[in-house]
**Q** 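One structure is given below, represented as structure tokens, and several questions about it will come after.
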There are 2 protein chains.
Amino acid sequence: MHGARPTIGDVARAAGVTKGTVSLAYSGKRPVAEETRRRVFAAAESLRWTASSSAQALATSRTSTIGLVIARRPEIIATDTFFPRFIAGCEAVLAEAGMGLMLNVVTDEDAETAAYERYAAGRVDGVILLDVKQGDRRPDLVRELGLTAVMLTAEAPHEDDPVDTPVVYTEDAAAVGELVDLLVGAGHTSIAHVSGPLRYVHAAARRDAFVDAMTHHGLRPDRIVEGDFTAASGRDATAALVDRADRPSAIVYANDVMAIAGLSYARSSGLRVPEDLSVTGFDDSELSAHLSPGLTSVSTGADVRGAVAARTLLAALGGDARRPVLVDGTVVVRRGSIAPPSRH
Amino acid sequence: MHGARPTIGDVARAAGVTKGTVSLAYSGKRPVAEETRRRVFAAAESLRWTASSSAQALATSRTSTIGLVIARRPEIIATDTFFPRFIAGCEAVLAEAGMGLMLNVVTDEDAETAAYERYAAGRVDGVILLDVKQGDRRPDLVRELGLTAVMLTAEAPHEDDPVDTPVVYTEDAAAVGELVDLLVGAGHTSIAHVSGPLRYVHAAARRDAFVDAMTHHGLRPDRIVEGDFTAASGRDATAALVDRADRPSAIVYANDVMAIAGLSYARSSGLRVPEDLSVTGFDDSELSAHLSPGLTSVSTGADVRGAVAARTLLAALGGDARRPVLVDGTVVVRRGSIAPPSRH
DNA sequence: CTGAAAGCGCTTACAG
DNA sequence: CTGAAAGCGCTTACAG
């Protein structure tokens with residue numbers, strides 16, 4: 001059973017046709033007589049043949065796989081529920097299209113570049129760019145390497161951005177605005193923000209949205225602490241914000257994990273949540289929905305974004321370059337972590 | 001810059017040698033004169049050549065990539081911090097060996113089988129089998145397909161298991177025993193267990209270990225609720241256990257997420273943690289370390305397991321079939337979620 | 001130590 | 001609609 005896998009030649013011989021005909025019967029790129037088609041399929045099935053993907057890749061210079069490199073520290077990847085959900089979403093559309101997903105987790109920039117270079121050596125047809133940074137050089141890099149790419153961002157591309165790589169985006173700003181509205185509506189005036197690493201455009205976009213929303217309400221958006229999406233940073237940022245006389249009455253966190261850690265810290269230092277401190281998260285992890293009280297958060301459809309990104313990339317590979325596509329699943333999920341501020 | 005990637009022929013021509021020599025210079029499989037070696041490298045560098053992996057794959061019938069299929073519902077993948085940490089660990093050793101990782105996320109068994117079949121069509125050289133189930137058919141399947149495999153389990157293989165696929169295992173039983181010891185030592189006698197899905201051998205192993213440890217202490221291990229690793233199931237199981245007169249004074253959860261959700265539920269229903277209810281988790285997520293109080297859990301070195309699994313698979317691919325290898329990083333991490341039981 | 005050539009398993013013009 | 005053959009870009013015996 002091992003060893004000698006059947007080749008297209010074996011199938012051709014068994015079916016009494018040439019290799020070309022077998023190929024055509026499977027690809028459908030040219031008509032094949034119904035009768036011989038049947039013979040070919042029967043032969044292939046009885047030999048349990050499936051085309052060798054390396055041979056196909058060499059002949060077509062298409063690998064039928066796309067690449068994804070994640071450049072974050074393992075703790076963060078483990079902590080952030082975005083990645084697995086995003087990947088699951090990709091997979092759903094890739095599997096359907098018979099494509100594979102090659103994944104690379106890297107920790108420094110050299111390794112990142114190396115990963116893309118390996119990709120370009122005929123390992124993948126295209127890539128999805130996540131965690132876009134200010135002045136990100138990856139769009140240029142992948143273009144130079146001849147890889148088609150799509151990138152995921154958290155705001156609509158600016159008119160003047162000369163983005164020649166397709167963009168899939170969410171509008172996080174609106175959701176952050178809604179969160180602030182909710183808080184202000186409940187009576188809060190002293191609201192802080194714990195952001196993600198501001199070198200990421202999505203983290204900066206959420207921070208900017210926070211500033212805008214506060215300003216819009218005539219409030220001072222001057223309490224912003226930069227976190228890094230880990231629980232540790234959420235706790236530390238919360239401590240910095242809350243262990244002082246003029247503590248805020250509400251905190252808007254840039255992700256759920258930081259919010260949960262912060263909430264836990266606040267409680268342990270004697271504050272009631274939400275009575276003394278209201279909190280909101282971002283990205284709506286499963287845990288947040290099953291805490292008591294639940295964490296008000298914003299669901300950004302990580303899986304949907306994965307699916308759309310994959311679909312957009314497939315289209316781009318097919319030569320169909322699209323205008324930026326908006327993923328419209330961003331919605332605020334209200335749970336019990338907001339209350340009117342207590343006097344203190 | 002696009003289009004015509006240089007081939008080994010271009011390099012050979014530029015260096016004034018044959019393609020065979022270029023190949024040999026890079027692979028080192030046969031000696032090449034220092035002088036011509038230099039010429040070859042110089043030519044390759046100036047042409048920015050790297051070997052096409054599909055051509056290499058076809059010529060050697062080695063793809064230099066390994067496959068991993070994860071067969072869980074997306075919510076669970078997103079919730080469980082094991083997978084990303086495991087993958088990061090794999091990556092570290094794969095990258096070093098110039099290998100790639102192909103990932104598939106599937107939701108039903110047909111898709112799972114299909115994924116392995118695609119793998120076998122020359123997409124990967126070997127696979128890592130996770131989440132082994134009782135009577136798991138994947139070892140047979142992959143063997144039939146001619147894929148080398150290694151599988152990850154949570155207990156030493158039995159003598160009589162005719163395992164011809166290499167095994168990498170942890171000894172979760174000892175850690176569970178330690179947890180129970182800790183609880184019993186603190187004075188608990190009424191201890192419950194919220195398990196993972198018992199069709200998984202790792203979940204069953206933890207459950208069995210719980211039963212054994214309780215029995216060892218002369219306690220009745222009769223309160224076991226089966227969860228599914230999600231926060232939702234952790235909360236529901238906790239409710240079932242705690243909303244009654246004879247509630248346990250401590251709960252041993254099979255993972256951290258269930259423990260955190262359970263803890264939160266218990267608190268919201270008026271119990272103090274740990275004073276009224278002690279809890280322990282499993283797998284030591286980053287969040288658990290930064291909660292207040294922290295969650296006592298067991299670190300099982302997901303990343304180390306990933307690294308060891310990858311290394312073992314590479315060895316197996318090299319023809320080096322090993323005896324089962326124990327990953328010895330399982331250690332109980334004591335934090336503040338255990339206290340002596342309060343009278344009630 | 002190096003060259004010339006066959007072969008890996010497909011796809012795709014080119015004829016008919 | 002189908003056959004015969006070249007080609008994709010490597011590696012690896014086989015000679016020398």
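Residue numbering restarts at 1 for every chain, and letters A, B, ... go by the order of the sequence lines.
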**Q** Surrounding CD of A:Glu34 (heavy atoms of other residues, nucleotides or ligands, distance under 6.0 Å), is the total greater than 12?
**A**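 Atom CD in A:Glu34 is packed in, count exceeds 12.
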
**Q** Using atom CG of A:Leu58 as one end and atom P of D:dA6 as the other, report the distance to the nearest whole Å.
**A** 17 Å

**Q** Between D:dA5 atom C1' and A:Ile8 atom CD1, what is the distance in whole Å?
**A**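 After rounding, the reported distance stands at 14 Å.
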
**Q** When you check the gap from the basic side-chain N to the acidic O, do B:Arg137 and B:Glu109 get nearer than 4.0 Å?
**A** yes

**Q** I would like to know whether A:Tyr119 and A:Asn104 meet side chain to side chain donor-acceptor pair (under 3.5 Å); could you show each step before the answer?
**A** CA-CA 10 Å; A:Tyr119 282 175; A:Asn104 278 79; 3.0 Å; yes

**Q** Looking at A:Val308, is its backbone amide N or carbonyl O close enough to the side chain of A:Thr312 to form a donor-acceptor pair, meaning the two atoms are under 3.5 Å apart?
**A** yes

**Q** Would you jot down, in residue-number order, the residues of residues 26-40 of chain A having a non-hydrogen atom under 4.0 Å from DNA chain C?
**A**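 Result for residues 26-40 of chain A: A:Lys29, sorted by number.
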
**Q** Ignoring hydrogens and geometry, is there a side-chain-to-backbone donor-acceptor pair from B:Asp125 to B:Ser64 under 3.5 Å?
**A**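 Side chain of B:Asp125 to backbone of B:Ser64, a donor-acceptor pair under 3.5 Å: yes, one is there.
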
**Q** Check the pair A:His202 / A:Val132 against side-chain contact (heavy atoms from CB on, under 4.5 Å), numbers first and verdict last.
**A** CA-CA 8 Å; A:His202 52 72; A:Val132 179; over 6 Å; no

**Q** Of A:Thr60 and B:Ala55, whose closest DNA chain C nucleotide lies nearer the 5' terminus?
**A** B:Ala55

**Q** For DNA chain D, please output the secondary structure as dot-bracket, reading 5' to 3'. Pairs are Watson-Crick or G-U wobble, both atom distances under 3.5 Å; mark crossing pairs with [ ], other-strand partners with |, unpaired with a dot.
**A** |||.||||||||.|||

**Q** Is the distance between the ring centroids of B:Tyr26 and B:Trp49 less than 6.0 Å?
**A**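 B:Tyr26 vs B:Trp49: aromatic centres under 6.0 Å.
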
**Q** Rounding to an integer number of Å, can you tell me how far B:Arg123 CZ sits from C:dC10 C1'?
**A**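 Going from CZ in B:Arg123 over to C1' in C:dC10 covers 14 Å.
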
**Q** If you draw the axis of the six-membered ring of B:Tyr200, does the NZ or CZ of B:Arg72 fall within 45° of it and under 6.0 Å from the ring centre?
**A**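 Yes, B:Arg72 and B:Tyr200 form such a contact.
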
**Q** Of the candidate nucleotides C:dT12, C:dC10, D:dG9, which contains the atom at the shortest distance from the side chain of A:Leu24?
**A**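 My answer, after comparing the listed nucleotides, is C:dT12.
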
**Q** Does C:dG9 have its OP1 or OP2 closer than 4.0 Å to a side-chain nitrogen or oxygen of A:Gln56?
**A**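 Answer no for this pair, as no side-chain N or O of A:Gln56 is under 4.0 Å from OP1 or OP2.
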
**Q** Any side-chain to backbone donor/acceptor pair from A:Arg5 onto B:Ala120? Under 3.5 Å, distance only.
**A** yes

**Q** Roughly, in whole Å, what's the span from CZ in A:Arg62 to C1' in C:dT11?
**A** 14 Å

**Q** Ion pair present between B:Asp10 and B:Arg13, side-chain N to carboxylate O less than 4.0 angstrom?
**A** yes

**Q** Donor-acceptor pair, A:Arg143 side chain versus A:Thr165 backbone, under 3.5 Å?
**A**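 Side chain of A:Arg143 to backbone of A:Thr165: no pair is present.
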
**Q** Students often get this wrong, so: under 4.0 angstrom with heavy atoms, is A:Ser23 touching a base, only sugar-phosphate, or nothing?
**A** base

**Q** Does anything in residues 13-22 of chain A reach DNA chain C, meaning a heavy atom under 4.0 Å, and if so which residues?
**A**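 Output list: A:Lys19, A:Gly20.
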
